[in-house]
Amino acid sequence: MTTSWNQPPVLKVRGLKVYYETPKGDVLAVDGVNFDLFKGETLGLVGESGCGKSTAAMGILQLVTPPGRVVDGEVLLEGHNLLGMSEQALRAVRWIKLALIPQGAMNSLNPTMKVSAQIKDAIIAHEGKQANKGIKPRILELLTMVGLPGRVYDLYPHELSGGMKQRVCIAMAIALNPTVIIADESTSALDVVVQRVVAQTMLKVKDALGVSMIMIGHDMGLMAQMVDRIAVMYAGKIVEIAPVKEMFAEPKHPYSQLLIESVPSLKERKPLKITEGITHDPRNPPPGCIFQLRCPFVMDICRVQPPVMRETNEGQLVACHLYPESVDGSLINVADVARNP
Amino acid sequence: MSQMLLEIRNATKVYTQRGLGGRQREVIALQNFTLNIPNSPASIITIAGESGSGKTTLAQVVLGFVRLSSGQIIFNGQDMATADAKQLKDYRRDVQAVFQDPFGVFNPFYRVEHVFHAVINNFRLTPNKRENRAMIEDSLNVVGLRGEDVLRKYPHQLSGGQRQRIMMARALLIKPKLIVADEPVSMVDASLRASILDVMIRLKEEMGISFLYITHDLSTAYQIGDQIFILYQGAVAEKGSTISVIDRPHHPYVQLLVDSVPVPNPDVKWEGEIILPPEEEMRSSVHSGCRFYPRCIHRMDRCLEAQPPLYKIDDIDHQAACYLYSDKEVAAPVETHQAATR
């Protein structure tokens, strides 16, 4: 592992709020998200559909489109706040420092352009025109890195399988040597064996380049294989962040416990764990804890007071009234952090 | 009268692709598939495989959407190819379907109740309004929903899991004997999948309904399935009881497949790397020999000569189509495919 925990984080997200406007009021899609991403680290962002994980990624990239809007917060990439940056300044950051492998990336390739032309496009758009002589070996090297043969250079997307297209998208994402890659459900449309090949490619590339990655998904099995830390999101908020081992060995938040219990096993047959989806109106969350309507351990305090993030043991942070004690008595107050002058 | 509910005998479906310059290429989507589902006890039979393995072709064949190139579908002793109109209607009543996409099957302009009324009218279940409401309520209750909560709503107001359970309730209304469920949970959130799988188990146990559960996800099959068939490029690679096949896979493809399912335990990582051969090599299915040859780590010369038959492995019913087990007894000989012209 090349993760550097003792250096300042590469990406710092504080109090990020992204709302969607509807006639009946704003949907609080992302409501005060805080996390750090360190160099060389892979952070998994998990939660059910509608919990705001993809919206959070769009918020970080400043790609939220109406009716959505970023309401508040800070996204500090190597110390520079991306929020409020001009479109021109953002162009210098996107792809060069912050690359995205979008959901269904393989369908985002242009069917009328050869693979080589598309990768070249991405490079030229950000670095300016340059001689073909320099670019071709660079593209071939990128293809080799993601485990594709050189002949892919001259092929069109329809001549490639899903897994190969996905790897072309990874090659494009790393073309400019970014600091952070955000991968949104980037392997979920693939067959199991191909998914494994693509996932292993991503890990190899990540280690080779020392890049940091945010992996968005809902497959806990895949997360266990790929990430260093996991952040669990529920209804627009992060309810727990922990190193992957701790998360699987001892999930603290009742929702994390539920997520991990609901992973079907290939080792033993066990009774199915049945749950409902998000139950409250996302425009009007209940006061107190957002998980109270589904929580099996709900207490009186949960209905009135939102829990704050506490570090229950090293590296494991959880927002739940079941854990009132921190290791060192410290509180990480979401509201305080969010209101940064 | 046969004791079998559904018999699929040597089902083969060949698609002809016309390439540039009028060259024709045959793609065998399903080859010599045989399956028997008894009337009782009800069971959940999983058909698993990657995309292009023929699992959806099989579902479409059973539902009557595509015609077989050769082979038979026999329902309650009646060959469906020669069935008359009444027999076909009975078949469509006894065999129901639940599809992959819980978002695409609803008409967004109608309230949820429309789905149920359409079925009641089509099969003339009851002319009585009160009775028909009671029937809908009963079938909704089985899948854990209440009529007052969902019937007057529009599809977009429900979650994917709820919609998929409504499709189960719709199928249930007609009291079918078999439900073909084509990837019913793959578009539903992981945490909500259990609610649908649970409905499948209960329909099987309480109502005696069998399922043809088509999926690419081995872990859900492992949790609820009785028998499993694993297809690779149209042919059965391995079959048997789900537990036996997944605990002790014998075919090299099935071993690779089981091994590739990510384990939800950070201490158990994938071991080794797989290199996929070039796409065209994988897809130009070896017509004479084993389909898995280009990717197989145990391949032998013999595998190119003829397609391996299913050999009986340890268990009564556990069979694998691989020459590694050629010392075992042959379960069924391979019938070579002749260019189909129908």
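Naming convention: chains lettered A, B, ... in sequence-line order (proteins, then strands); numbering from 1 in each chain.
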Is the backbone N or O of Pro264(B) less than 3.5 Å from a side-chain atom of Gln225(A), with the two atoms forming a donor-acceptor pair by type?
no
Region of Val263(A) that comes under 4.5 Å of a non-hydrogen atom in chain B
side chain
What part of Asp198(B) lies closer than 4.5 angstrom to a heavy atom of chain A: side chain, backbone, both or neither?
both
Sorted by chain and residue number, the salt bridge (charged side-chain N to carboxylate O under 4.0 Å, His left out) partners of Lys237(A) (sequence neighbours excluded) come out as Asp31(A)
Is it the backbone or the side chain of Glu261(A) that comes under 4.5 Å from a heavy atom of chain B, or both, or neither?
neither
Does any backbone or side-chain atom of Leu218(B) lie under 4.5 Å from a heavy atom of chain A? Answer side chain, backbone, both or neither.
both
Interface residue of largest heavy-atom contact number with chain A, from Val263(B), Ile246(B), Asp259(B), under 4.5 Å:
Val263(B)
Could you pull out the closest heavy-atom pair between Pro264(A) and Thr220(B), with the gap in Å?
CG-CG2, 4.2 Å
Can you confirm whether Lys245(A) sits close enough to Asp267(B) that some side-chain heavy atom of one is under 4.5 Å from a side-chain heavy atom of the other?
yes
Contact leader toward chain B among Met226(A), Met247(A), Lys204(A), where contacts are heavy-atom pairs under 4.5 Å:
Lys204(A)
Smallest heavy-atom separation, Val244(A) atom then Pro266(B) atom, equals O-CG, 3.7 Å
Return each pair, listed once, that meets ring-ring contact (aromatic ring centres under 6.0 Å, His included) where at least one residue sits in residues 243-274 of chain A; pairs must be two or more places apart or across chains.
Tyr234(A)-Tyr255(A), His253(A)-Phe291(A), Tyr255(A)-Phe291(A)
How long is the span from the CG atom in Asp191(A) to the OG atom in Ser53(B), to the nearest 0.5 Å?
8.0 Å
Kindly say whether Leu266(A) contributes a backbone atom to a donor-acceptor pair with the side chain of Gln223(B) at under 3.5 angstrom?
no
Closer than 4.0 angstrom, basic N to acidic O: yes or no for Asp247(B) and Lys267(A)?
no
Is there a side-chain contact between Met223(A) and Pro262(B), using heavy atoms and a 4.5 Å cut-off?
no
Which bit of Val268(B) is near chain A, if near means a heavy-atom gap under 4.5 Å: side chain, backbone, both or neither?
backbone
Where on Ile196(B) is there a heavy atom nearer than 4.5 Å to chain A: the side chain, the backbone, both, or neither?
neither
Under the 3.5 angstrom rule, does the side chain of Arg269(A) hit a backbone N or O of Tyr222(B) as a donor-acceptor pair?
yes
